[in-house]
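Comments concern the structure below.
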Amino acid sequence: MTVKTIPVATFDLVIFGGTGDLALRKLLPGLLRRYADGQIPEDSRIIGVARDALGADGYRAKVGAALERACSGEEAVRAKLPAFLSKLDYHALDATKDAGWDDFAASLTSADGRVRVFYLSTSPALFVDICNRLRDHGLNGEPSRVVIEKPIGHDSASAAQINNAVGAAFAEGQIFRIDHYLGKETVQNLLALRFANILFEPLWNANRIDHVQITVAETVGLEKRASYYDTAGALRDMVQNHLLQLLCMVAMEPPAALSADAVRDEKLKVLRSLRPIRADEVAQITVRGQYKAGASSGGAVPGYLEELGRADSRTETFVALKAEVDNWRWAGVPFYLRTGKRLPERVSEIVICFRDVPHSIFEDSAGPVVPNKLVLRLQPDEGVKLWLMIKDPGPGGLRLQHVPLDMSFAEAFGVHQPEAYERLLMDVVRGNQTLFMRRDEVEAAWKWVDPILDAWEQLRDPPKPYTAGSWGPSAAVALIERDGRTWHEDAA
Ligand code: NAP
């Protein structure tokens, strides 16, 4: 299948933190793939910024080595590497000091008129300094755009500080708050499934849907993120942004158009409809866990505290909770969310579990009539499965079987699925904010999460231990089984 690639306008993209993990592992490989695909105009520039006195050649060498690793096995992409590296430049700057900023600004203003993107791939502690200096050097006017990464704060108050600081330099229409889950093919396919088919929308409500499950499971432990992660935990790191954004995409009303504000208005209404979790019910409908030593990806792994090198951390590496959306469409339909580290497999999926048929006409010998499920898998192997009941093929009476209608996108269309960052970076250049979070969404999400954090704090319970390589504490199973339901397991 041929894929249409529409080139974007010529741009300058500045990556603050251009030598960091995110830049080398995700942003620059994504840009190389877009370049290899012909989407990035030849006269565009990509400029790394960090404190290290690397020089442009040193930076190209560093990025070249990282891209060789990241794109190994992608021959057509690697063939474009030398040309891509020639677009790279580097400025050694300390975001907290004035030295060097005048030259940096002059190098950008010399190419005035083109789209300028500032990607803040640094600690959020530097956002204020960077934005202020960009403004002081006149780099904040249109057509400049700024991209900010999570975490946007660790609670409502700190998120407001970051949003105020960035907002003092850039207008909301220039600010792109990235949540890379929204750039995944399946999430956009959810929009297509829901709003480009007549089949699903009439069923998409409490009359036909029993409950929804959203799972984002990682097999990795702390990796190199210990100092950040231990101050955040799974609720802040994953639920406040990724899982709630996915919930919004499932639960939102049809927007009037596929425009940034129309979509974000609908997501905001969902966030504002989330029933607050009260302190007296937090122990019942939320579960916090922390992994202990076990086995993951075929090998023995240490527990969280051993990895961290501290015995007293109460940070949760797992959360499961039951959320309710208090509106007409979703009344009485629970959304079970779970996420954690050191779980048995790396998988992110949304499972829409439909209700039972009202009456079964089949004999017991036919087997049970299992409710339909729509499973949207975000990673790995993005795709959609619709679980249906069919007659077991062949002679021997009518027996029922639960089977998936399987649509793995890569197999079905035979095309490379762009990684989320690839798509989102091109959306920034185009100025399309549809898949980025607006300030009020971030605030509404924190407003729902803050009381859970406060209630956990008051409870003073340590997180429940779970063995690395398991699906979290047994309380997470109890959370859903108490309601007569079970977590989805992909049997096919
Ligand atoms: P990182 O590996 O620690 O990189 C930080 C970068 O910032 C380095 O290039 C560093 O280079 C630069 N830097 C530090 N202090 C600076 C200063 N004063 N002035 C200018 N540059 C400075 O961090 P990361 O993992 O790439 O993460 C970057 C951001 O993305 C963080 O907000 C993180 O939470 C977020 N994020 C990361 C990931 C991921 O997968 N890594 C995923 C989601 C979100 P020098 O030390 O040479 O200055």
Side-chain angles (χ1 to χ4, degrees), residues 13-31 46-56 58-59 61-63 65-66 69-70 88-101 103-104 118-134 137 146-154 158-159 161-163 165-166 176-184 216 218-234 236-243 245 339 341 346 348 379 419-422 424-425 428 436-437 442:
L13 167 63
V14 179
I15 307 180
F16 286 95
T19 56
D21 177 67
L22 182 70
L24 296 178
R25 240 174 9 91
K26 294 285 181 192
L27 307 181
L28 289 155
L31 289 164
I46 297 163
I47 303 148
V49 172
R51 289 168 303 180
D52 205 355
L54 280 174
Y59 187 56
K62 189 177 183 94
V63 173
R69 277 194 302 278
L88 259 53
D89 200 353
Y90 181 78
H91 278 265
L93 282 185
D94 186 332
T96 63
K97 303 204 170 95
D98 289 331
W101 277 82
D103 289 348
F104 167 70
F118 299 106
Y119 199 118
L120 309 195
S121 182
T122 64
S123 152
L126 297 176
F127 290 178
V128 178
D129 275 307
I130 296 173
C131 288
N132 285 345
R133 287 190 162 79
L134 289 173
H137 287 85
V146 65
V147 185
I148 57 177
E149 264 291 346
K150 73 163 201 187
I152 301 175
H154 53 89
S158 50
Q161 266 173 8
I162 291 176
N163 281 325
V166 179
F176 289 71
R177 296 177 190 82
I178 202 160
D179 184 324
H180 70 276
Y181 272 66
L182 295 185
K184 291 189 180 284
V216 177
E218 299 179 287
T219 52
V220 294
L222 267 178
E223 297 178 293
K224 293 177 189 154
R225 302 175 71 211
S227 57
Y228 155 69
Y229 194 85
D230 197 53
T231 60
R236 290 187 176 98
D237 188 48
M238 299 299 286
V239 177
Q240 188 273 343
N241 37 69
H242 305 319
L243 278 88
Q245 283 293 317
T339 181
K341 290 189 173 295
R346 173 176 171 263
S348 299
Q379 64 187 24
E419 284 221 10
Y421 277 105
E422 292 178 46
L424 294 173
L425 281 163
V428 177
F436 295 82
M437 292 178 292
V442 177

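Note that ligands are numbered from 1 as they come in the structure, with each ligand's atoms numbered from 1 the same way. The basis for the numbers below is simple: all heavy atoms, side chains too, and nothing from hydrogens, waters or symmetry mates.
- Closest protein heavy atom to atom 31 (C) of ligand 1: T122 O, 3.4 Å.
- Interface atoms of ligand 1 facing P124, defined by a heavy-atom separation under 4.0 Å, are 32 (O).
- Within the set R51, K150, H91, the minimum heavy-atom distance to atom 34 (O) of ligand 1 is found for K150.
- Counting atoms of ligand 1 from 1 in the listed order, those under 4.0 Å from a heavy atom of L93 are 19 (N), 20 (C).
- L28 is listed as a side-chain neighbour of I46, based on a closest heavy-atom distance under 4.5 Å.
- Below 4.0 Å from some heavy atom of G20 lie the following atoms of ligand 1, by number and element: 2 (O), 4 (O), 8 (C), 9 (O), 26 (O).
- Within ligand 1, counting atoms from 1 as listed, the ones closer than 4.0 Å to a heavy atom of P151 are 34 (O).
- Contacts with ligand 1 closer than 4.0 Å are made by side-chain heavy atoms of R25 only, the backbone lying farther away.
- When hydrogens are left out, the protein atom nearest atom 47 (O) of ligand 1 is D52 N, 3.3 Å; that is the closest non-hydrogen contact.
- When only non-hydrogen protein atoms are considered, atom 28 (C) of ligand 1 lies nearest to S121 O, 3.3 Å.
- In this structure the side chain of D52 reaches within 4.5 angstrom of the side chain of Y90, judged on heavy atoms.
- Proximity of V428 to F436: side-chain heavy atoms (C-beta onward) are separated by under 4.5 Å at one or more points.
- With hydrogens left out, the protein atom closest to atom 39 (C) of ligand 1 is D21 OD2, 3.6 Å, a heavy atom.
- K341 forms a cation-pi arrangement with Y229, by the criterion of a distance under 6.0 Å to the ring centre and an angle within 45° of the ring axis.
- Atoms of ligand 1 found under 4.0 Å from any heavy atom of A95, numbered from 1 in the order shown, are 17 (C), 18 (N), 19 (N), 20 (C).
- For atom 36 (N) of ligand 1, the choice among E149, K26, K97 with the nearest heavy atom turns out to be E149.
- In terms of protein heavy-atom proximity, atom 21 (N) of ligand 1 is nearest to A50 CA, 3.7 Å.
- A donor-acceptor distance shorter than 3.5 angstrom exists from the side chain of N241 to the backbone of R236, with no hydrogens or angles considered.
- What sits closest to atom 27 (O) of ligand 1 on the protein, heavy atoms only, is L22 CB, 4.3 Å.
- Annotation: atom 18 (N) of ligand 1 to nearest protein heavy atom, D94 OD1, 2.9 Å.
- Annotation: side chain of L134 is in contact with side chain of W101 (closest heavy-atom distance under 4.5 Å).
- There is a protein heavy atom less than 4.0 angstrom from atom 11 (O) of ligand 1.
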- Using the salt bridge (Lys or Arg N to Asp or Glu O under 4.0 Å) rule, take R225 and D21 through it: C-alpha gap first, then chi angles, then the decisive distance, then the call. CA-CA 10 Å; R225 302 175 71 211; D21 177 67; over 6 Å; no
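- Between H180 and H242, the ring planes lie perpendicular to each other; the angle is over 60°, past the 30° to 60° tilted range.
- For ligand 1, the atoms lying closer than 4.0 Å to a non-hydrogen atom of T19 are 8 (C), 9 (O), 11 (O).
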